[in-house]
Structure formats: C-alpha cells, structure tokens
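Index from 1, following the sequence.
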Amino acid sequence: MAASSSISFFSSSIFISTPTTSSRLNCFSKSHNSKFPLRASVRSELATLPVLSFEGTQVGTATLDLKSAPAETARAVVHRGLTTDLTNRRRGTASTLTRAEVRGGGKKPYGQKKTGHARQGSRRTPLRPGGGVIFGPKPKDWSIKINKKEKQLAISTAISSAFENTIVIEDFDEKFEKPKTKEFIAMMKRLGLDPKEKSTFLMTEVSDNVKLSSRNIGTLKMLTPRTLNLFDILDAEKLVFTKGAVEFLNERYGFDYVEDEEDEYEEEEAEAEEEVNSDEGTEAEGNSDSTE
C-alpha cells in the first residue's frame, strides 16, 4: 500500500469547490462602518451521501448538513481543536526526586581533604548515581480550555471536509449474532473499505458482538457520540456513519442545534469519567513502582 498522510484535512474538500456539495451562508456579521463589508462567520456544508446495506448495495441517500467554518478560518479552527485535544490527553504525572527528596545522604561520604577526589558533602548530590535530579519534571496540569462552540465547530468542519471519503450504512448490530472478526472484515470489503487502511465508524450504540468482532482490527476505530473526537476523524482515510449517527450529527452540529440541560449533564459526566480513568491509571503506576 502506498504511503499516505494520515491526517489529510488540509488537503480536503472543504477548500476546493466541487459540484457535489452546496454551501449556504446562513450567518452574517455586519459592521456599522460602511467601509467593512459583510463577513460570513459560519456556513452550512450540505452533502448527499449514499446509504449502503449490510450486503454493500445502495438502498438510498442521506443528507449531511453541518456547520462549517469559512475557508479562510477553517484551518485555524480545526488546528486549535486538534492541538487542544492532544494537549489535554497529557496526564502530567511524570515526577522526579530532587536532592532534598532522595533518601539517605545524612553523612558526609568521605573526608574533605587528602582523598584525591572532589569534595562531597552528601550522597544525594546530582553528581552521583542515585542522587537527585536537577530541573526534572514534576506533576503538571497540561489542560487547555477551549470554548464549547469552537470545539463543536472544529468537529463539524472536519466531518464536512471529509464527505468525499464518507459513506452511510444501515444499522447492522443485529447482523452479528456472535463475535466474528472474519465476518466484519468481509462486511468492510463489501462496503469498499480496505482493512489495511484507517477507517472510523460512528454509531449511536455499539453492541457487544460488534465491539468484539472489530477490536482485533488495528486500523479500525469504533466511536459513539460519547467518544467522538477530532483526532480520530482527521486520522481516518474513510468515515462510516450509520443512519442514526447521521441524524445525531445533523441534530447536534447543525444550525438548529440548541443546547439543553441534558447535553450539559452528559458532557460533565463524560469529563468526570475521564478524570476517574486517569486517576486509576496514576494509582496503578504508583503501585507498580512501589512493587519494583
């Protein structure tokens, strides 16, 4: 397989005008000064995608209508969203001991004079093996704040830019009566997907059989609305949405989206779950260090 760039957003279709999509400018900001004309702040990317069955035949079409940043600012919006996600993944648990924290060193190693060696006042000096570390890393919070609407706009812009490499499939949870990786690979080939290429599936719900059937495919990512993130969208060469996922995207990232209390609760719950997982990982590392 020829080597290709994993994140291909900056050469994607959002910066190239094609007849397969139509852009509708819906939001404008007008300055009171007549010298400055109207500027489009957010636009709508309308794309018609084929809907495939489990056997790989086309059974209809689906419309994906998402918010999208204008071409002159799309790169900056997506870049900020991506760097924020990657930076917030840093756990910041790396820690070293200074000479004040290293155990031992209360006694002078040897006499000050007549030894032929450099004078030493403690075994904890950074100049000796096992001593402290100078300017070593300490636990740090690397998290960066990003506005919620800016993050949503980055995700919707990235999805809109990849419409040419996106297909829609009918729900196939019931098709897998038992976990079988070979059947999942056969389904991917019927959909025109290469198992050796990176692909991302977005489903509203992932059944246990589908999860077990796809987890051994290293180039595949299975996402839900709860785990949807910008990196996996940009890193994929093919995007596969179920019909329920398309409805979710149009509802959450369309122009008619109005945030309610349930959405805030779900986001807070997801953030709390991520913090718990990171704390558990930190405790596990601490236990492994203590056993060593």
Side-chain angles (χ1 to χ4, degrees), residues 6-9 12-14 16 18-24 43-68 78 152-176 180-181 183-207 209-211 213-215 217 219-257:
S6 58
I7 300 179
S8 58
F9 169 77
S12 60
S13 60
I14 196 170
I16 305 174
T18 56
T20 55
T21 61
S22 61
S23 299
R24 293 181 285 106
R43 65 179 182 176
S44 176
E45 281 288 329
L46 183 64
T48 301
L49 305 175
V51 179
L52 304 181
S53 64
F54 182 75
E55 288 74 19
T57 58
Q58 183 173 349
V59 294
T61 58
T63 302
L64 194 63
D65 189 9
L66 306 179
K67 291 181 180 179
S68 179
V78 175
Q152 291 180 350
L153 182 60
I155 293 177
S156 60
T157 302
I159 295 176
S160 299
S161 69
F163 76 94
E164 292 182 346
N165 297 323
T166 303
I167 60 175
V168 181
I169 184 175
E170 294 182 328
D171 294 333
F172 54 90
D173 284 342
E174 299 179 355
K175 301 295 183 178
F176 290 87
K180 196 71 174 178
T181 304
E183 294 181 2
F184 198 94
I185 293 178
M187 180 196 71
M188 293 180 63
K189 292 182 179 179
R190 291 196 299 269
L191 297 177
L193 304 177
D194 186 357
K196 296 182 180 180
E197 295 182 352
K198 294 182 179 180
S199 57
T200 297
F201 281 67
L202 177 61
M203 307 173 60
T204 54
E205 293 182 0
V206 183
S207 62
N209 291 336
V210 173
K211 185 185 301 183
S213 300
S214 60
R215 68 177 181 178
I217 305 176
T219 58
L220 179 67
K221 291 289 184 66
M222 298 293 295
L223 302 180
T224 61
R226 192 183 187 89
T227 60
L228 181 62
N229 64 90
L230 189 58
F231 179 82
D232 288 334
I233 295 173
L234 298 176
D235 191 40
E237 299 180 23
K238 294 289 185 180
L239 296 178
V240 181
F241 301 149
T242 60
K243 296 180 67 175
V246 172
E247 295 176 359
F248 163 78
L249 292 174
N250 289 331
E251 180 181 355
R252 175 62 64 90
Y253 298 100
F255 275 94
D256 299 332
Y257 170 66

Engineer: Are the side chains of Lys196 and Thr219 in contact, using a 4.5 Å heavy-atom criterion?
Structural biologist: no
Engineer: Could you report the tightest heavy-atom contact between Ser214 and Val210, atom names first, then the distance?
Structural biologist: OG-O, 2.9 Å
Engineer: Where is the tightest heavy-atom contact between Ala158 and Leu230, given as atom of each residue plus distance?
Structural biologist: CB-CD1, 3.6 Å
Engineer: For a quick test of reading the model, state the closest non-hydrogen atom pair linking Pro195 to Met188 and the distance between them.
Structural biologist: CA-CE, 4.1 Å
Engineer: Between Leu64 and Phe163, is a side chain to side chain contact (heavy atoms under 4.5 Å, CB included) present by the stated rule, with each step listed?
Structural biologist: CA-CA 9 Å; Leu64 194 63; Phe163 76 94; 5.6 Å; no
Engineer: Measure the spacing between CG of Leu193 and CE of Met187 and express it to the nearest 0.5 Å.
Structural biologist: 7.5 Å
Engineer: Side chain to side chain contact (heavy atoms under 4.5 Å, CB included), that's the test. Do Asp194 and Glu237 meet it? Break it down for me.
Structural biologist: CA-CA 10 Å; Asp194 186 357; Glu237 299 180 23; over 6 Å; no
Engineer: Atom NZ in Lys198, atom NZ in Lys221: separation rounded to 0.5 Å?
Structural biologist: 7.5 Å
Engineer: Of the non-hydrogen atoms in Gln58 and Leu52, which two are nearest, and what is the gap between them?
Structural biologist: CA-CD2, 3.7 Å
Engineer: Within the 4.5 Å heavy-atom criterion, are Thr242 and Phe172 side-chain neighbours or not?
Structural biologist: yes
Engineer: Say you draw a straight line from CD1 of Ile159 to CD1 of Ile233; how long is it, rounded to the nearest 0.5 Å?
Structural biologist: 4.0 Å
Engineer: Taking the inter-plane angle between the rings of Phe248 and Tyr253 on a 0 to 90° scale, is it parallel (under 30°), tilted (30 to 60°) or perpendicular (over 60°)?
Structural biologist: perpendicular
Engineer: Checking Thr61 side chain against Pro50 main chain: does a donor-acceptor pair fall under 3.5 Å?
Structural biologist: no
Engineer: Quick check: closest heavy atoms across Met203 and Met222, and the distance to 0.1 Å?
Structural biologist: SD-CE, 3.2 Å
Engineer: Is the side chain of Ser156 donor-acceptor paired with the backbone N or O of Lys67 at a distance under 3.5 Å, no angle test?
Structural biologist: yes
Engineer: Check the pair Leu202, Leu249 against side chain to side chain contact (heavy atoms under 4.5 Å, CB included), reporting the backbone distance first and the verdict last.
Structural biologist: CA-CA 10 Å; Leu202 177 61; Leu249 292 174; 3.9 Å; yes
Engineer: Between CD1 of Ile169 and CG of Leu49, what distance do you get to the nearest 0.5 Å?
Structural biologist: 13.5 Å
Engineer: Would the distance check show the side chain of Thr57 and the main-chain N or O of Ser53 forming a donor-acceptor pair, the cut-off being under 3.5 Å?
Structural biologist: no
Engineer: Once rounded to the nearest 0.5 Å, what's the spacing between atom CG of Leu223 and atom OG1 of Thr204?
Structural biologist: 12.5 Å
Engineer: Distance check, rounded to the nearest 0.5 Å: Phe54 atom CZ versus Glu183 atom CD?
Structural biologist: 7.0 Å
Engineer: Taking CD in Glu205 as the centre, count heavy atoms belonging to other residues, nucleotides or ligands within less than 6.0 Å. Is the count above 12?
Structural biologist: no
Engineer: Of all the heavy-atom pairs spanning Asn209 and Phe176, show the shortest one and how long it is.
Structural biologist: ND2-O, 3.0 Å
Engineer: When you measure from the side chain of Thr200 to the backbone N and O of Asp232, does any donor-acceptor pair fall under 3.5 Å?
Structural biologist: yes
Engineer: Starting from the C-alpha separation in whole Å, work towards a yes-or-no answer on side chain to side chain contact (heavy atoms under 4.5 Å, CB included) for Thr224 and Val206.
Structural biologist: CA-CA 7 Å; Thr224 61; Val206 183; 3.6 Å; yes
